[in-house]
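Read the structure below first, then the notes.
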Protein chains: 2
Amino acid sequence: MKEGPDITLIGSLIGDPARANMLSALISGKALTASELANEAGITLQTTSAHLKKLELGGLIRQRKQGRHRYFNLADEDVATLLETMMGLAAKKGHIRTRTGPKAPEMRKARVCYNHLAGEFGVQMYDSLVGRGFLQEDQDEIAITDSGRDFIKGLGIDLDPLQKAKRPLCKSCLDWSARRSHLAGSLGTALLNHIYEKGWAKRLEDVRIVEFSRRGEAAFHDQFPLLAD
Amino acid sequence: MKEGPDITLIGSLIGDPARANMLSALISGKALTASELANEAGITLQTTSAHLKKLELGGLIRQRKQGRHRYFNLADEDVATLLETMMGLAAKKGHIRTRTGPKAPEMRKARVCYNHLAGEFGVQMYDSLVGRGFLQEDQDEIAITDSGRDFIKGLGIDLDPLQKAKRPLCKSCLDWSARRSHLAGSLGTALLNHIYEKGWAKRLEDVRIVEFSRRGEAAFHDQFPLLAD
DNA sequence: TTCATGCTTCGATATTAAACGAACTATGAG
DNA sequence: CTCATAGTTCGTTTAATATCGAAGCATGAA
């Protein structure tokens, strides 16, 4: 009778507040333990365990054992993309979590989306790379150009290991705050790491916010300038 | 404490099987009455009414009174896009509705996504338009070129009223079956209408499938050829 | 006015599943 | 070995909500 993919399971997994909180926490890309997720969601460890099992069974998260800890991550970038898409729609429809803290503007400015940079800074970096011809958009695929390779190499990033990985080097991800694309994929991850390593910014504890120092911000704008149009 | 958009409401709305069925039915873009949706979901009219109220309150659908009927539609294209994104992930994770009918291959070939063409034919049309320089991708925005204007005009489509509308003329939408972009927006709608008007294809009753005639298929390939690469 | 159709509202029932306490397993530290 | 920490499993309680029957309202037809 019915045909096609079934979206009810994914919907109901995201539909529970406790699980939505856990998933939101995991968009930061940071691997979290069950206890941390329990704390994040405000529920006991037993309940958390049950939720995590369901999320894993539904293919939304992955777990990694390490000693007596279990670290949880989103299953892949597609899950992060879906969550950001939903956040975009939710924001548009006015479904905002009631207690909106003072962090919201910082979130809009620069935050982590799974493992790459999002927010205004993420969009700027993406625009800069495309505008200067370092990335090229072809359909919905993005590819790095020869001059882009040189640029990345100039930053001290080695592309070879990134290209060998299974995950795509370049991938676009839609922002809920800016409604624009930013760069995902292994290159997106590498560039975020580059920002950390240069000391331009640091990730706030247990939050998705990426906090740039004043010097870091200047260096960022210098490295990823927007072309006047 | 918590910041950002809340995705639980949307998730739980989609998470109920009855509502998911209704939403899936509405992706076809066809306005459906409460009774039709009740039939689609396999529940009584009272229950349907309750579901529709929730979906409307959540901003996922819109209703239009007409005589003693009420016609329901998805609220906007973003909702359709979200649903297709979820279907893409669900398909990837193997969450397929159990009773997969014989319609699946036809769905993959050509179907309606809200108000434009999706599936292989939709992707081909998009690729053809981009490949011949009629559409141009700039970031995640798509714009029509001057030669594109001429081409569309040559099809007998008047662009003026489309451009005056609030909704974007060109917009890309990701396919769950092909994992590629196809054309949404008012131009996408106009092109789908063009296909109907030319008699190349007709929409199967109450289903998303677009069935091309043999002659229509040939005409389509003639009008939207893929460039050899 | 009377009747039929389409849909909503109300109230009751039934099912689901989220939550936690308590007990159990596993890994590591001293 | 003993203790502590991290997490799972089990059983029970509790809350939420999907569902439908029955009644009510609105629109259009006759």
Side-chain angles (χ1 to χ4, degrees), chain A residues 2 6-26 30-73 95 97-98 206, chain B residues 2 6-26 30-73 95 97-98 206:
Chain A
K2 296 299 166 193
D6 189 8
I7 59 181
T8 53
L9 178 57
I10 294 179
S12 63
L13 285 175
I14 298 175
D16 177 81
R19 286 191 293 255
N21 282 335
M22 298 184 206
L23 290 170
S24 298
L26 288 172
K30 195 170 158 185
L32 297 175
T33 64
S35 311
E36 290 170 323
L37 288 167
N39 184 50
E40 190 71 30
I43 52 177
T44 63
L45 193 54
Q46 307 95 287
T47 311
T48 305
S49 180
H51 283 309
L52 290 171
K53 196 163 33 168
K54 288 180 186 174
L55 286 171
E56 189 176 21
L57 213 72
L60 296 189
I61 64 172
R62 263 178 319 120
Q63 69 168 296
R64 204 157 26 100
K65 282 191 191 181
Q66 208 164 99
R68 53 181 159 180
H69 291 275
R70 295 193 179 194
Y71 289 99
F72 293 88
N73 277 107
H95 304 150
R97 204 160 300 175
T98 37
D206 296 331
Chain B
K2 295 297 166 194
D6 188 9
I7 58 180
T8 54
L9 178 58
I10 295 179
S12 63
L13 284 175
I14 299 175
D16 177 82
R19 286 190 293 254
N21 281 336
M22 298 185 206
L23 290 170
S24 299
L26 288 172
K30 195 170 160 186
L32 297 175
T33 64
S35 311
E36 289 171 323
L37 288 167
N39 185 51
E40 190 71 29
I43 52 178
T44 62
L45 194 53
Q46 307 96 289
T47 312
T48 305
S49 180
H51 283 309
L52 290 172
K53 192 159 44 165
K54 288 180 187 177
L55 286 171
E56 190 176 21
L57 213 71
L60 297 189
I61 64 171
R62 264 178 318 120
Q63 69 168 296
R64 204 158 26 99
K65 282 191 190 181
Q66 209 166 95
R68 53 182 158 179
H69 291 274
R70 294 192 181 197
Y71 288 99
F72 293 88
N73 276 110
H95 304 149
R97 204 159 299 175
T98 37
D206 296 329

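Note on naming: letters A, B, ... go to the chains in the order of the sequence lines (proteins, then strands), and numbering restarts at 1 for each one.
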note: H51(B), atom NE2; dT9(C), atom C1'; distance rounded to Å ~ 15 Å
Note: A18(A) and H51(A) closest approach over all heavy atoms is CB-NE2, 3.9 Å
Here the pair of heavy atoms bringing T48(B) nearest to T44(B) is OG1-O, 2.7 Å
Between T33(B) and F72(B), the two heavy atoms sitting closest are C-CD1, 4.3 Å
R64(A) CZ to dA6(D) P, in whole Å, measures 17 Å
Side-chain N or O of K54(B) versus OP1/OP2 of dA18(D): is the shortest distance under 4.0 Å? yes
Protein-proximity profile, nucleotides 7-15 of chain D, B/S/- by nucleotide at the 4.0 Å heavy-atom cutoff, equals BBB------
Value for CD1 (I7(A)) from CG (L23(B)), rounded to nearest 0.5 Å, stands at 6.5 Å
To the nearest angstrom, the CG-P distance between N21(B) and dA18(D) comes to 14 Å
Taken to the nearest whole Å, CZ/R19(B) to C1'/dA18(D) is 8 Å
Rounded to whole Å, NZ of K65(A) lies from P of dG28(C) at a distance of 11 Å
In whole angstroms, the gap separating P of dC7(C) from CD1 of I61(B) amounts to 12 Å
Rounded to the nearest 0.5 angstrom, the CD-CG distance for E56(B) and L13(B) is 12.0 Å
_Heavy-atom side-chain contact between N21(A) and I43(A) under 4.5 Å_ = no
When rounded to whole Å, the CG to P distance for the pair L57(A) and dA17(C) reads 13 Å
